[in-house]
Amino acid sequence: MKKGMERMRGTFTGIGVGPGDPELLTFKAARLIRNCHVAALPVADPNLAEAVFDETPEDGAYGKYLDTCTAYQIAIKAVPEIQKKAKLFLPMPMIKDKEQLKKLHDADVLAAERVLDDGKDMAFLTLGDPTVYSTCMYVHKRLARDGYPTALVPGIPSFCAAAARLDMPLAENREEIHILPASYGIRESLRLSGTKIFMKAGKKMPEVKKILMENRADVRMVQNCGMENEQVFLRAEEIPDGAGYYSLLIVKDEKEG
């Protein structure tokens, strides 16, 4: 009986929708979004206290969460059929309380399992790539641990898109690449050899900017890469203190000679 039930379970697929430009969504991602039964969407709004499964066609009563979900707004431009899919809204607020986050993620997984147990395939939409600093993995790894079928579909990472937008390589020859959270230990990170990619600066951007200027770092930043409000900054001095969450910094070693 258990094996039979497992065969009937739906598959959870974490899908990277890329950095912002819907034309960068892969064919595979578009196909799986088009064919899924349910679109799972992370909700950062702290007012959403528990997961909500909404089978209402179109935007339904929870349209405000669709409007603020960047991954959904990217996907719908490439796969308009997603608008008619059932939605599972999963609360994932940006808070640092580990215990509270664990409770929320555990509850999100239970909500996802209820849908998967009905044999519905689920596509969790995430910005960039699901394996790089993605909320998707909080759900994915718990579902895999519980024996549910899971899969991941890569998306173009923001740092690759940003380098392309800047018309520059990330690394050549024997250069190293370091992908780092900008909110921790940036002074130590700047000592690393090669290209440093700083993500997730958030509210610490003024501090990050100050350190970059002190170190006379060769830095470039792309904010909202591939989106309508994209901005490019070519020096640390140009970076606004209030830069948005989707800001990515690329620091290169100074070339000798």
Side-chain angles (χ1 to χ4, degrees), residues 16-26 42 44 68-71 73-74 92-96 126-137 154-257:
V17 301
D21 183 349
E23 291 187 344
L24 295 180
L25 188 80
T26 67
T68 56
C69 180
T70 305
Q73 292 303 319
I74 294 168
M92 291 189 167
M94 294 181 184
I95 57 177
K96 293 186 177 181
T126 187
L127 198 64
D129 183 273
T131 66
V132 181
Y133 295 131
S134 170
T135 53
C136 167
M137 298 311 298
I156 293 177
S158 57
F159 46 86
C160 291
R165 174 63 182 84
L166 292 164
D167 201 25
M168 62 179 282
L170 283 177
E172 299 176 278
N173 199 0
R174 297 184 180 181
E175 287 181 325
E176 298 176 352
I177 298 176
H178 306 274
I179 303 167
L180 306 152
S183 51
Y184 306 99
I186 187 168
R187 290 186 189 276
E188 293 76 11
S189 298
L190 284 172
R191 299 191 188 106
L192 295 169
S193 174
T195 302
K196 279 74 67 176
I197 298 164
F198 291 106
M199 306 174 69
K200 300 162 58 103
K203 295 178 181 179
K204 291 197 173 183
M205 185 61 81
E207 179 185 346
V208 171
K209 175 182 174 180
K210 179 173 178 283
I211 294 170
L212 291 171
M213 290 173 64
E214 288 174 356
N215 284 267
R216 298 182 180 180
D218 178 12
V219 60
R220 296 164 180 80
M221 188 183 91
V222 181
Q223 179 175 256
N224 301 323
C225 186
M227 303 179 195
E228 293 179 359
N229 55 347
E230 175 188 274
Q231 289 183 286
V232 174
F233 306 93
L234 302 179
R235 299 191 312 149
E237 291 81 0
E238 297 176 5
I239 297 172
D241 289 344
Y245 181 75
Y246 301 123
S247 296
L248 184 140
L249 302 109
I250 298 176
V251 179
K252 302 284 286 185
D253 284 345
E254 291 188 10
K255 299 292 184 182
E256 295 182 359

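Just so it is clear, the values below take in all heavy atoms, side chains as well, and ignore hydrogens, waters and symmetry mates.
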List, one per line, each side-chain donor-acceptor pair under 3.5 Å for residues 177-193, sequence neighbours excluded.
| residue | atom | partner | partner atom | Å |
| --- | --- | --- | --- | --- |
| H178 | NE2 | E176 | OE1 | 3.1 |
| H178 | NE2 | S193 | O | 2.7 |
| R187 | NH1 | E214 | OE1 | 3.2 |
| R187 | NH2 | E214 | OE1 | 3.3 |
| S189 | OG | G185 | O | 3.0 |

query = Do D21 side-chain atoms and E23 backbone N/O form a donor-acceptor pair below 3.5 Å?
reply = yes
request  = Output the distance between atom OG1 (T195) and atom CD (E172), rounded to the nearest 0.5 Å.
outcome  = 8.5 Å
key: Minimal non-hydrogen separation, A236 against M213, with atom names   = CB-CG, 3.6 Å
task = Give the C-alpha distance, both sets of side-chain angles, the deciding distance and a yes or no for side-chain contact (heavy atoms from CB on, under 4.5 Å) between L166 and I250.
result = CA-CA 10 Å; L166 292 164; I250 298 176; 4.0 Å; yes
message = I'd like to check V208 versus F198 (side-chain heavy atoms, cut-off strictly below 4.5 Å). Are they in contact?
response = no
Polar side-chain atom of Q73 near backbone of C69 as donor-acceptor pair, under 3.5 Å = no
message = To the nearest 0.5 Å, what is the distance between OG1 on T26 and CD1 on I156?
response = 8.0 Å
query = What's the verdict on side-chain contact (heavy atoms from CB on, under 4.5 Å) for M221 and L248, showing C-alpha distance, side-chain angles and the deciding distance?
reply = CA-CA 6 Å; M221 188 183 91; L248 184 140; 5.8 Å; no
query = Are D218 and R220 close enough for a salt bridge, meaning some N to O gap below 4.0 Å?
reply = yes
task = Output the distance between atom SG (C136) and atom CG (L127), rounded to the nearest 0.5 Å.
result = 12.5 Å
Test item: Q223 side-chain N/O and G244 main-chain N/O as donor-acceptor pair under 3.5 Å = yes
key: E230 (side chain) donor-acceptor with M227 (main chain) under 3.5 angstrom   = no
request  = Any chance you could measure R216, atom CZ, to R235, atom CZ, to the nearest 0.5 Å?
outcome  = 12.5 Å
inquiry  = Test your reading of the model: is there a side-chain donor-acceptor pair from D129 to the backbone of P157, 3.5 Å cut-off?
reply    = no
remark   = The reported gap from CZ in F159 to CD1 in I197 (rounded to nearest 0.5 angstrom) is 5.5 Å
query = Nearest heavy-atom pair of S158 and P19: which atoms, and what distance?
reply = CA-CB, 4.0 Å
ask   = Looking only at heavy atoms, which two atoms of G18 and I74 are closest? And how far apart?
value = O-CD1, 4.2 Å
task = Validate the cation-pi geometry between K200 and Y245: distance from NZ or CZ to the six-membered ring centre under 6.0 Å, angle to the ring axis within 45°.
result = no
task = Of all the heavy-atom pairs spanning M205 and P240, show the shortest one and how long it is.
result = CG-O, 3.7 Å
inquiry  = Would you compute the distance between atom NZ of K204 and atom CG of D241 and round it to the nearest 0.5 angstrom?
reply    = 15.0 Å
K252 (side chain) donor-acceptor with L170 (main chain) under 3.5 angstrom = yes
task = Output yes when a side-chain donor or acceptor of K196 lies under 3.5 Å from a complementary backbone atom of L249, and no otherwise.
result = no
ask   = Taking all atoms of both residues into account, what is the closest heavy-atom pair of C225 and V222, and its distance?
value = CB-CG1, 3.6 Å
